[in-house]
Amino acid sequence: MIGEPGNNATHIYRDDGTDWQLEQSIFPDDLANASNFGIAVAIDGPTAVIGASARDCAAGTDCGVAYVYRFDGSLWNAEATLVAPDAAPDDRFGGAVSVLGDLALIGNSCQFSCGGSGAYLFRHDLGVWAVVEKVQAASTGFGSSVAVRTDQLLVGAYAAGIVFVYSLAATAPDCDCDSTSNACEIVREGAPDCNGNSVQDDCDVADGTSPDCNANGTPDECDVARETSPDCNANSTPDECDVAEGSSPDCNANSTPDECDVADGTSTDANDNDVPDECDTHTPPFVIEHPEDVTACGPETVVFKVKGGGMQPLSYQWRKDTVDLAGEEADTLALSGVSQADAGDYDVVVTNDLGSTISDPATLSFAVLGDVAPEPTVVPKNRYLSFIAPPTPCRAAIRVRLLSLQHPNPPNVDCCPPPDFSGYEEGPTCTDPAGCVRWVGEPRRYLEVQELPGYGTFQAARLQCTPYYRDWSDVGYFSVTGAEIVPSSVYEVEMLAASCQGIEETCAEVSAPLEIATARWGDIAERRNPPFTGSQPDAIDIVWLINKFKAAPGALSNTVVQLRPNVPDINSDPNALDVASCVDAFKSRAYPFSGPCPCPSDVPCETTACATSASCIGAYGAGALCVRTCAPGSPREGEICTQNKHCGACLGGTNAGATCNPNSCWQGNCCPGGGTCAPGTCGAQGYCRDRCGRCAP
């Protein structure tokens with residue numbers, strides 16, 4: 001240990017077997033700059049003493065103090081501040097220090113006459129450092145150097161060239177009379193002192209200071225404190241002693257007092273006679289914990305449990321609607337793959353030699369599949385369907401039926417007929433291998449304005465070819481987009497229960513359908529078509545789209561104003577091309593995009609690498625796309641992306657779940673409202689997909 005008083009610092013080094021390595025530098029935060037912290041240092045085992053001889057006190061300047069630190073196995077922590085009880089100005093107490101075990105000797109280092117000249121012996125006892133004795137001598141500089149030994153104190157007076165030697169016989173107890181002080185036996189020889197009273201444990205036990213009921217050489221209070229021996233009734237006596245001495249009965253011979261078995265629920269005591277029921281031969285059966293109601297979602301495993309009490313042994317018989325269930329004779333009933341036929345009331349008959357009792361019934365019921373609800377204020381959109389997922393806390397899938405695609409009312413002008421998507425309309429014209437239905441994928445949260453995280457967010461999902469089952473109860477209001485969502489069209493949205501998985505085409509557990517119509521091409525503002533069939537779109541639509549392009553306050557949501565391309569990019573803002581599309585629609589031009597494509601896709605997933613869409617078009621036809629996705633481990637893994645910011649996600653805050661990138665926080669906080677950004681990575685390699693952005697399988 002090396003002091004650096006000029007910087008009020010002390011440095012502790014430890015030998016690692018090869019070299020001395022700095023372990024810790026200590027800079028107390030309660031010292032004035034001129035305190036001389038580190039002017040004298042001493043260390044013994046886990047105890048270090050550091051002098052600060054220029055520390056001021058209430059009596060004046062340069063009174064001095066000493067600091068005690070203790071090592072906990074990883075850090076040196078401040079334990080105590082030692083001061084002279086008769087501190088006086090210019091004493092420079094702490095100018096000399098020494099430590100041995102629980103003894104510390106602190107000297108004054110003043111060069112001339114000092115009011116409190118001397119050396120002070122402190123002892124650590126029961127967690128407190130206290131002055132044991134002050135030694136003095138009429139010699140200039142007395143206390144300028146000090147040392148404490150096993151049986152002696154040494155105090156130097158530098159001006160006189162004298163060392164004074166004092167016997168520690170009176171101040172160093174030796175409880176076992178072996179000529180070695182208690183402190184040295186504890187510190188130097190490792191004698192245990194579990195209760196920290198500076199007396200070896202064997203002395204505490206031998207002189208009766210601490211009982212040792214189990215004769216293991218450790219005071220009972222230490223057995224209890226260290227949990228070497230349990231003390232369930234908190235009487236400071238190990239449980240095995242309570243039992244052995246007969247002060248606490250142990251009728252079931254589990255080495256735990258009966259009152260504790262009852263108190264902690266290990267044993268029941270139905271008649272409150274402080275005797276565990278298993279030892280009591282007079283207690284009929286009773287139910288401690290009744291089975292609980294269960295609401296099932298589909299073919300899953302349901303478990304009912306019961307806890308009985310009373311004279312042992314107990315037997316059980318489960319019943320459904322008061323009829324015995326053959327072979328169900330345990331305290332747990334597990335029903336696998338439950339269906340509606342299993343719905344009913346379940347109870348259990350608990351029996352012992354003194355009689356029987358019946359538990360309260362527990363009802364097994366099935367969650368009612370909720371209906372998809374319309375958005376609070378219906379706003380027909382060009383490229384999105386918006387609705388509210390029901391709060392049913394069960395796995396389900398959301399199906400979108402393509403009923404009528406691109407049938408504007410009134411019809412387009414003769415020059416510009418709408419594209420023919422009838423092959424994807426459910427009914428006799430459908431040629432789609434998937435039956436002209438699509439499925440809603442994973443909903444995620446997106447930014448309304450990419451460079452303004454504080455502008456707000458919206459929740460959206462993409463359509464896909466295969467059913468996606470999840471618990472939708474935490475989703476609420478959201479929107480769906482895809483190449484199949486086109487203007488002047490009609491769709492049905494319905495929810496299928498988890499029991500439909502694998503048999504979606506014939507399953508009957510389907511919610512009532514919600515019909516949703518999209519707006520006329522380019523119509524984004526009031527008055528919308530539908531329901532109005534007048535001349536739409538008009539100049540007002542163009543103005544509102546420009547407002548969104550400028551991120552003006554109060555602008556419409558992306559779900560309302562986004563018009564292009566064939567597969568809307570949820571991660572992008574409306575731009576000048578959307579404005580141009582709205583102008584074309586104002587000029588009565590027809591919907592310009594290629595629309596739906598067959599499901600399943602004819603493009604194999606992650607097979608054809610690409611850098612641009614041009615190579616994909618050559619391989620898979622017009623409209624094929626080159627797509628990058630968020631890398632594995634990203635919060636939005638698998639999401640279509642063009643930048644890393646599309647793959648991160650806000651944790652908490654007002655934008656919880658929205659995209660973010662902590663290395664590109666555009667304007668202000670990436671995740672406003674106290675959120676933090678979990679970063680993600682957009683994969684470097686792109687792969688070909690069809691013109692709907694999909695691949696197979």
Nearest 0.5 Å, please: how far is OH in Tyr455 from CG in Asp573? 10.0 Å
Show your working on side chain to side chain contact (heavy atoms under 4.5 Å, CB included) between Thr608 and Tyr687 and close with a plain yes or no. CA-CA 5 Å; Thr608 307; Tyr687 290 93; 5.8 Å; no
I'd like to know if the side chain of Asp541 reaches the main chain of Ala525, judged simply by a donor and an acceptor atom lying under 3.5 Å from each other, with no hydrogens or angles considered. yes
Show your working on side chain to side chain contact (heavy atoms under 4.5 Å, CB included) between Thr481 and Leu463 and close with a plain yes or no. CA-CA 6 Å; Thr481 190; Leu463 290 181; over 6 Å; no
Is the backbone N or O of Val603 less than 3.5 Å from a side-chain atom of Asp690, with the two atoms forming a donor-acceptor pair by type? no
Is a side-chain donor or acceptor of Thr392 paired with a backbone partner of Gly370 at a separation under 3.5 angstrom? yes
Does any donor atom in the side chain of Tyr384 or Thr518 lie under 3.5 Å from an acceptor atom in the other side chain? no
List the residues meeting ring pair (Phe, Tyr, Trp, His ring centres under 6.0 Å) with Tyr424, not counting sequence neighbours, and say none if there are none. none
To the nearest 0.5 angstrom, please state how far the OG atom of Ser404 sits from the CZ atom of Phe421. 12.0 Å
Please answer whether the main-chain N or O of Val379 pairs with a side-chain N or O of Lys381 as donor and acceptor at a distance below 3.5 Å. yes
Sequence neighbours left out, what passes side-chain hydrogen bond (donor to acceptor under 3.5 Å, both in side chains) with Thr506? Give chain and number order. none
Measuring from atom CG of Asn571 to atom CG of Leu447, what distance do you get when rounded to the nearest 0.5 angstrom? 8.0 Å
Taken in chain and number order and not counting sequence neighbours, the residues that satisfy side-chain hydrogen bond (donor to acceptor under 3.5 Å, both in side chains) with Arg14 are Glu23
Between Tyr591 and Phe593, is the gap from one ring center to the other below 6.0 Å? yes
Who passes side chain to side chain contact (heavy atoms under 4.5 Å, CB included) against Ile2, sequence neighbours left out? Tyr13
From Asn382 CG over to Arg564 CZ, what is the distance, rounded to the nearest 0.5 angstrom? 13.5 Å
Measuring centre to centre across the rings, with the benzene-like ring taken for any Trp, is Trp439 within less than 6.0 Å of Tyr468? no
Does the side chain of Asp72 come under 3.5 Å of the side chain of Asn77 through a donor N or O and an acceptor N or O? yes
Suppose the criterion is disulfide bond (SG atoms under 2.5 Å apart): which pairs have a residue in residues 477-531, not counting sequence neighbours? Cys500-Cys507
For the cysteines Cys626 and Cys616, is the SG separation below 2.5 Å? no
How far apart are the closest heavy atoms of Ala656 and Arg445, and which atoms are they? O-CD, 3.3 Å
Is the NZ or CZ atom of Arg636 positioned over Tyr446's six-membered ring, under 6.0 angstrom from the centre and within 45° of the axis? yes
Pro380 and Arg528: which non-hydrogen atoms are nearest, and at how many Å? O-CD, 3.7 Å
Minimal non-hydrogen separation, Tyr491 against Val400, with atom names: CD2-CG1, 4.0 Å
Donor-acceptor pairs are to be reported for all side-chain atoms of residues 549-556 against protein atoms at under 3.5 Å, with residues two or more places apart or in another chain.
none

Between Phe478 and Phe387, does the ring centroid distance fall short of 6.0 Å? yes
Please confirm whether Phe37 and Phe27 have ring centers closer than 6.0 angstrom. no
Using side chain to side chain contact (heavy atoms under 4.5 Å, CB included) as the criterion, list what pairs up with Cys641, not counting sequence neighbours. Arg628, Cys630, His646, Cys647, Cys682
With the side chain counted from C-beta on, respond yes when Val493 and Ile516 share a heavy-atom pair under 4.5 Å apart, and no when they do not. yes
Can you find a pair of side-chain heavy atoms, one from Ser25 and one from Leu22, that are under 4.5 Å apart? yes
Write down the atom of Tyr620, the atom of Cys688, and the distance for their closest heavy-atom approach. CE1-CB, 3.7 Å
Treating Asn558 as the side-chain partner and Gln562 as the backbone partner, does any N or O pair qualify as donor plus acceptor under 3.5 Å? no
Give me the atom names and distance for the closest heavy-atom approach of Asn8 to Pro28. O-CD, 4.2 Å
Measure from the side-chain N and O atoms of Asn655 to the backbone N and O of Cys671, and report whether any donor-acceptor pair falls under 3.5 Å. no
Do the side chain of Thr301 and the main chain of Ser336 share a donor and acceptor less than 3.5 angstrom apart? no
Rounded to the nearest 0.5 Å, how far does OG of Ser489 lie from CZ of Arg520? 12.0 Å
Asp432 side chain vs Pro598 backbone, donor-acceptor pair below 3.5 Å: no
For Glu492, is there any backbone N or O sitting under 3.5 Å from a side-chain donor or acceptor partner on Arg399? no
Evaluate the side chain to side chain contact (heavy atoms under 4.5 Å, CB included) criterion for residues Ser386 and Tyr477: first the C-alpha distance (whole Å), next the side-chain angles of each, then the deciding distance (0.1 Å), finally the verdict. CA-CA 7 Å; Ser386 298; Tyr477 173 73; 3.5 Å; yes
Just to verify, what does Cys436 make a disulfide (SG to SG under 2.5 Å) with, not counting sequence neighbours? Cys430
When you measure from the side chain of Gln21 to the backbone of Asp16, do you find a donor-acceptor pair of N or O atoms at a distance under 3.5 Å? no
Taken in chain and number order and not counting sequence neighbours, the residues that satisfy side-chain hydrogen bond (donor to acceptor under 3.5 Å, both in side chains) with Ser499 are Glu509
Side chain to side chain contact (heavy atoms under 4.5 Å, CB included) between Cys599 and Arg694: does it pass, once the steps are laid out? CA-CA 9 Å; Cys599 275; Arg694 304 189 187 106; 4.0 Å; yes
Test: salt bridge (charged side-chain N to carboxylate O under 4.0 Å, His left out). Region: residues 678-689. Which pairs qualify, not counting sequence neighbours? none
Between Arg401 and Glu484, is there a side-chain N and carboxylate O pair less than 4.0 Å apart? no
pair check: Cys650 + Cys670, SG-SG < 2.5 Å: no
Quick check for you: to the nearest 0.5 Å, what is the distance between Thr457 atom OG1 and Glu448 atom CD? 7.5 Å
Across all chains, not counting sequence neighbours, the side-chain hydrogen bond (donor to acceptor under 3.5 Å, both in side chains) partners of Arg470 are Glu442, Asp474
Classify the side-chain pair Thr681/Asn644 by whether it contains a donor and acceptor separated by less than 3.5 Å. no
Specify the closest pair of heavy atoms between Ile640 and Gly693, including all atoms of both residues, with the distance to one decimal. CD1-O, 4.4 Å
With side chain to side chain donor-acceptor pair (under 3.5 Å) as the criterion, how do Ser488 and His407 come out once you've worked through the C-alpha distance, each side chain's angles and the decisive distance to 0.1 Å? CA-CA 6 Å; Ser488 295; His407 295 285; over 6 Å; no
Side chain to side chain, Asp371 and Pro513, heavy atoms closer than 4.5 Å: no
Who are the salt bridge (charged side-chain N to carboxylate O under 4.0 Å, His left out) partners of Arg462, not counting sequence neighbours? Glu639
